2 protein chains.
Amino acid sequence: MTVSKTASDAVKSPRTLRREPGDPAGDDAMLQLGELSGLLGYSLKRAQLKVFEDFLRCVAPLQLTPAQFSVLLLLDKNPGRNQTEIASTLGILRPNFVAMLDALESRDLCARMRSANDRRSHILVLTEKGRAVLARAKKLVANKHEARLIEVLGPANHAALLEMLAKLAYEF
Amino acid sequence: MTVSKTASDAVKSPRTLRREPGDPAGDDAMLQLGELSGLLGYSLKRAQLKVFEDFLRCVAPLQLTPAQFSVLLLLDKNPGRNQTEIASTLGILRPNFVAMLDALESRDLCARMRSANDRRSHILVLTEKGRAVLARAKKLVANKHEARLIEVLGPANHAALLEMLAKLAYEF
DNA sequence: GATAATTGTTATCGAGTATATCAAATATCG
DNA sequence: CGATATTTGATATACTCGATAACAATTATC
């Protein structure tokens, strides 16, 4: 049984090439993904990691994670909402949203204001700096991140992909 | 009903307040996703969570996670490989792969065999039970999980989606 | 007014991912 | 040959997320 000799640089990163059925049996280096390449969830996860990675790179100057960016976007679009409302529409559990808000508030990107009607809840607002950072982040995301995605996929495919993902995300 | 929002992107928040199907009077309006619905990464993540959720449901009788299923698939398709090779092509770091293998081995789904050529490495093999479980899992995945995805998206869209995700996952 | 429900919060747990390090085995090279 | 470096599996550890239970303050309900 001839075991592998050496692949000068074994694959350390998740990136591996895929091989379709009927490919030459070039053993040694590359492993056969087999049915894995037809598994939607597998490619979905891999693609999501790559896309988030690119997002982080593009928006690195502002030190914003995808989750933080989504919070700022939502606060801007929905003023006067409390923590429960913002967290739940983002699929974040209330306990986990506390630390997230703490981080944003400590950077003076948003603020909690006690509601007059209901003194239990905190009305969330973007600060001046928060709006400025969000504006810059939007530009980076549009001009660097999404632009690259559209370039790779093509505009029509990009739109089609978005529609299908939305169907899976919200109607599945 | 209460609100009807403009765009076609109807948001169904993942874990939100309980809304009974016939209960209209919920005065709490739905929040605006805004630019969030155009963010590919956002829908990508959401879709991935939903798809994995469905995978777990469909394959629940066999108690296999997506990651475990991918390992079994890879072992079946690539006999004679060691831990480093299997882990790296799946994007799993070697230290984290140890516990994963322990779990599979403790269930007698696979086994580590010391290699004769290189006594450092463990050749990974599927056991008889592992092959049987994999066969059943493949059927569940194909007939329940993927079948549902194809039904929701349509066969042509499903194929197109897979292709675009592969492009993002492996060429991005 | 007594009881239930909600809001933000803390504590905690488990899963997933990352790095450093180790002993054993092997490879490399002077 | 033998000294050194590299590889393999493994352990320990840490950090991020996601999930649950519980609590004080406040509000809603009966």
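Every chain is numbered from 1 and lettered A, B, ... according to where its sequence line falls, protein lines coming before strand lines. None of the values given here were measured: they were computed from a predicted structure.
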Got a list of side-chain donor-acceptor pairs under 3.5 Å for residues 66-74 of chain B, not counting sequence neighbours?
unit_1	atom_1	unit_2	atom_2	d
B/Gln68	OE1	B/Thr65	N	3.0
B/Gln68	OE1	B/Thr65	OG1	3.4
B/Ser70	OG	B/Ala67	O	2.6

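- Residues satisfying the side chain to side chain contact (heavy atoms under 4.5 Å, CB included) criterion with B/Asp102, sequence neighbours excluded, are B/Val98, B/Arg112.
- Scanning all heavy atoms of the two residues, the minimum distance from A/Val51 to A/His145 falls at O-CE1, 3.3 Å.
- The nearest whole Å value for the distance from the CG atom in A/Leu56 to the P atom in C/dA18 is 12 Å.
- Mapping B/Leu49 and B/Leu101 onto DNA chain D via the closest heavy atom, the residue that lands nearer the 5' end is B/Leu101.
- A close approach under 4.0 Å does not occur between any side-chain nitrogen or oxygen of A/Arg81 and OP1 or OP2 of C/dT7.
- The shortest side-chain heavy-atom distance between A/His122 and A/Arg114 falls under the 4.5 Å cut-off.
- Under the salt bridge (Lys or Arg N to Asp or Glu O under 4.0 Å) criterion, B/Arg119 pairs with no residue, sequence neighbours left out.
- When side chains are defined from C-beta on, A/Leu44 does not count as touching B/Leu161, because their heavy atoms never get closer than 4.5 Å.
- C/dT9 atom C1' lies 13 Å from atom CD of A/Glu105, rounded to whole Å.
- As a whole-Å value, the separation of B/Arg94 CZ from C/dA20 C1' is 14 Å.
- Taken from CZ in A/Arg107 to OG1 in A/Thr127, the straight-line distance is 10.5 Å, to the nearest 0.5 Å.
- Ionic pairing of B/Arg148 and B/Asp54 is present here: one or more N-O contacts between side-chain nitrogen and carboxylate oxygen are shorter than 4.0 angstrom.
- When the P atom of D/dG9 is taken as reference, atom CE of B/Met113 falls 13 Å away, rounded to whole Å.
- Rounded to whole Å, atom P of C/dG8 lies 15 Å from atom CG of A/Leu104.
- Listed by residue number, the members of residues 114-124 of chain A with any heavy atom below 4.0 angstrom from DNA chain D are A/Asn117, A/Asp118, A/Arg119, A/Arg120.
- Here the P atom of nucleotide D/dG18 and the CD atom of B/Gln48 are 11 Å apart, to the nearest Å.
- What separates CG of A/Leu93 from C1' of C/dG8 is a distance of 14 Å, to the nearest Å.
- As a whole-Å value, the separation of A/Gln83 CD from D/dT26 C1' is 15 Å.
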Q: Encode nucleotides 12-17 of chain D as B, S and - characters from 5' to 3', where the letter depends on protein heavy atoms closer than 4.0 Å: B to the base, S only to sugar-phosphate, - to neither.
A: B-----
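- Residue pairs meeting the side-chain hydrogen bond (donor to acceptor under 3.5 Å, both in side chains) criterion with at least one partner in residues 149-168 of chain A, sequence neighbours excluded, are A/Glu146-A/His158.
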